[in-house]
Amino acid sequence: MNVLLLSDFSEVAINATHYAMDLLREEKVSFILLNIYVPDPDASEEEKERKRTATKARLQERVDKLRERSLDRPHCVNGHYSEDNLINTTRDFLVKNKIDLLVMGAVGKDMRHATILGDHTFEIISKIKCNILAVPEDVQFREIQRILMPIDTSVSLHSKNLQFLKESNFLHNTQLSVWELGNTKAPDKNSLKISAFENLDQMQIDFFKLNDVESYDKSIWMEVQKKFDVISLLAKNIQICSHLMHSKHGFYLTAPNRLPIFVLHD
């Protein structure tokens with residue numbers, strides 16, 4: 001398995017890296033820690049070179065620490081420094097290194113009352129076609145036993161959309177709860193949405209219908225975070241963030257999200 005770790009050396013990025021390595025502790029994984037330095041166009045060449053050298057040294061320090069952290073695990077850790085555009089560099093890495101999972105921070109402490117995903121994270125999800133794990137800043141790793149997948153009535157769903165869940169051994173034997181938001185009648189067992197999950201025979205799956213999301217309050221969202229270990233979202237249905245977990249419903253004003261998020265691409 002090949003995993004790309006996007007890092008700007010911030011606390012949220014470091015925490016996401018540690019979470020991913022703990023989650024995949026028993027998997028044979030090649031981790032690539034990617035850091036992108038954007039030189040100040042107004043800085044002198046001497047200053048640019050000084051910061052370039054400092055950034056490369058910090059990257060190597062992080063790689064060394066991660067290697068030490070993984071001594072008893074089947075992990076390989078390497079670093080890569082770039083001064084190119086974040087999106088273009090990430091896309092290039094996906095192809096050249098056959099990346100299976102991209103890992104990054106979801107949102108820092110200062111913004112988590114306003115959004116489930118930071119600007120850079122949302123940009124990556126919107127423009128990069130790769131399965132993504134986004135982890136909030138102060139979330140500590142815990143075994144994944146229950147996964148919440150909210151979807152809405154607008155999304156077309158096929159088994160290929162769920163291939164990552166099927167192929168990831170570390171998610172086998174977990175409970176997947178699919179919450180469908182909307183006002184239509186709950187689908188029966190022959191519906192397209194239900195049939196899309198039939199290949200996930202290594203997971204226990206249940207389905208719920210939520211018709212009145214706006215009436216949910218802080219206490220309900222707090223209970224959701226106690227009950228589940230991770231949220232799984234479809235990239236094609238990412239707008240559900242604003243429907244289920246946006247501050248307009250009051251959740252983030254008082255109860256910011258503390259669950260890691262898997263974003264699944266086709």
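Predicted model, so just to flag it, every value in this text is computed and none were measured.
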Just so I know, are the side chains of Asn35 and Arg62 near enough to count as touching, which here means a heavy-atom distance under 4.5 Å?
no
Dump the intermediate steps for side-chain contact (heavy atoms from CB on, under 4.5 Å) on Leu171 and Phe262, then the final yes or no.
CA-CA 11 Å; Leu171 296 179; Phe262 273 115; 4.3 Å; yes
Between Val139 and Val135, which heavy-atom pair has the shortest distance, and what is it?
CB-CG1, 4.1 Å
Using side-chain heavy atoms (C-beta onward) and a distance below 4.5 Å, is Leu162 in contact with Leu234?
yes
How long is the straight-line distance from NE2 of His158 back to OG of Ser195, given to the nearest 0.5 Å?
9.0 Å
I'd like to know if Glu46 and Arg50 make a salt bridge, using a cut-off of under 4.0 Å between side-chain N and carboxylate O.
no
Any salt bridge linking Arg91 with Asp84? Criterion: basic side-chain nitrogen under 4.0 Å from a carboxylate oxygen.
no
For side-chain hydrogen bond (donor to acceptor under 3.5 Å, both in side chains), just list the numbers for Ser177 and Asp206, CA-CA rounded to whole Å, side-chain angles, deciding distance to a tenth of an Å, and then say yes or no.
CA-CA 5 Å; Ser177 294; Asp206 50 44; 2.8 Å; yes
Side-chain heavy-atom pair Leu102, Val263 within 4.5 angstrom cut-off:
no
Charged N-O contact under 4.0 Å between Glu45 and Lys48:
yes
Residue pair His172 / Glu167: nearest heavy atoms and the distance that separates them
NE2-C, 4.5 Å
From Arg69, Arg142, Gln140, residue fulfilling side-chain hydrogen bond (donor to acceptor under 3.5 Å, both in side chains) relative to Asp22
Arg69
With the 4.5 Å side-chain cut-off for hydrophobic clustering, are Val38 and Leu6 part of the same group?
yes
Would you call Ile87 and Ile128 a side-chain contact if the rule is heavy atoms closer than 4.5 Å?
yes
When you compare the side chain of Leu200 with that of Gln202, does any pair of heavy atoms fall below 4.5 Å?
yes
Point-to-point distance, once rounded to the nearest 0.5 Å, from OG of Ser168 to CD of Gln163:
9.5 Å
Tightest non-hydrogen contact, residues Ile144 and Ile147, listed as CG2-CG1, 3.8 Å
Are Glu49 and Arg52 close enough, and set up right, to give a salt bridge (charged side-chain N to carboxylate O under 4.0 Å, His left out), and what steps lead you there?
CA-CA 5 Å; Glu49 188 58 32; Arg52 182 178 291 116; 2.7 Å; yes
When you measure from the side chain of Asn15 to the backbone N and O of Pro136, does any donor-acceptor pair fall under 3.5 Å?
yes
With hydrophobic residues grouped by side-chain heavy-atom distances under 4.5 Å, do Leu24 and Ile14 end up in a single group?
no
Shortest non-hydrogen separation from Val12 to Gly105 and the atoms involved:
CG2-CA, 3.6 Å
Gln175 backbone acceptor or donor facing Arg146 side chain under 3.5 Å
no
Return yes if some donor-acceptor pair links the side-chain N/O of Ser7 with the main-chain N/O of Phe9 below 3.5 Å, else return no.
yes
Of Val230, Ile231, Leu233, Leu165, the one forming a side chain to side chain contact (heavy atoms under 4.5 Å, CB included) with Met149 is Leu165
Does Asp100 use its side chain to pair, donor to acceptor, with the backbone of Asn2 at less than 3.5 Å?
yes
How about Phe31 and Thr17: do any of their side-chain heavy atoms sit closer than 4.5 Å?
no
Taking side chain as C-beta onward, heavy atoms only, is Leu5 less than 4.5 Å from His80?
no
Could you label the plane-to-plane angle of the Phe207 and Phe197 rings as parallel, tilted or perpendicular, counting under 30° as parallel and over 60° as perpendicular?
perpendicular
Which is it for Glu143 and Phe141 under the side-chain contact (heavy atoms from CB on, under 4.5 Å) test, yes or no, and what are the steps along the way?
CA-CA 7 Å; Glu143 296 293 342; Phe141 172 74; 4.0 Å; yes
Tyr19 and Leu133, any side-chain heavy atoms less than 4.5 Å apart
yes
Should we count NZ of Lys56 as having more than 12 external heavy atoms under 6.0 Å?
yes
Check: His265 side chain, Lys236 main-chain N or O, donor-acceptor pair, under 3.5 Å:
no
Short side-chain to backbone donor-acceptor contact, Ser44 and Glu47, under 3.5 Å
yes
Polar side-chain atom of Asp8 near backbone of Ser10 as donor-acceptor pair, under 3.5 Å
yes
